[in-house]
Amino acid sequence: MYAVFKMHRRVNAPVEFKGLKGQYILYAGTTVIGSMMLFAILYIVGVNSYFCLFLCFGIGVVGIGGAYHLSQRYGAHGWRKRRRARASPKALRSGSRRMYWQLKK
C-alpha cells in the first residue's frame, strides 16, 4: 500500500506541502535525512541507542519547527529576499564624475 499526499498548487502559487512553502520543504527534508544519518553513524560508533534516539529526535523537531517558523514568517521567497537585501549596498558613492561621463558617451 502506498501513501498518497496531496500537494496544493494553484496557478502562479508556490508549491505547498503540509503548510511548508517553497524552499522550506527542502530544508525540512534535509533535516530529517541528516538526522537519520547522524543516528546511523552514532549507532555504528557504539553510542548508547537511547542517547542517539533522543539527540536525533531533538535535532529533527528543532529543524522542522524552524522550517515551519520560517515558512510562516517569510512565505515562499521572503527569507531569500531579506538575505539578498542585507547583502546589497545601501548607497553607491563615487569620488569623481569621470565614471558618469564615460556612461554618457
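Position 1 is the first residue of the sequence; numbering continues from there.
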What is the distance from atom CD1 of I64 to atom CD1 of I59, rounded to the nearest 0.5 Å? 12.0 Å
Heavy-atom side-chain contact between Y24 and H69 under 4.5 Å: no
Run through the side-chain heavy atoms of Ile, Leu, Val, Met, Phe, Trp and Tyr, join any pair under 4.5 Å, and report what else lands in F57's cluster. V61
Quick check: is V32 connected to Y27 through a chain of hydrophobic side chains (ILVMFWY, heavy atoms under 4.5 Å apart)? yes
Please report, to 0.1 Å, the donor-acceptor pairs under 3.5 Å made by any side chain of residues 33-51, with sequence neighbours excluded.
unit_1, atom_1, unit_2, atom_2, d
S35, OG, C56, O, 2.8
N48, OD1, Y50, N, 3.4

T30 side chain to L26 backbone, donor-acceptor under 3.5 Å: yes
Here the pair of heavy atoms bringing A28 nearest to L20 is CB-CD1, 3.7 Å
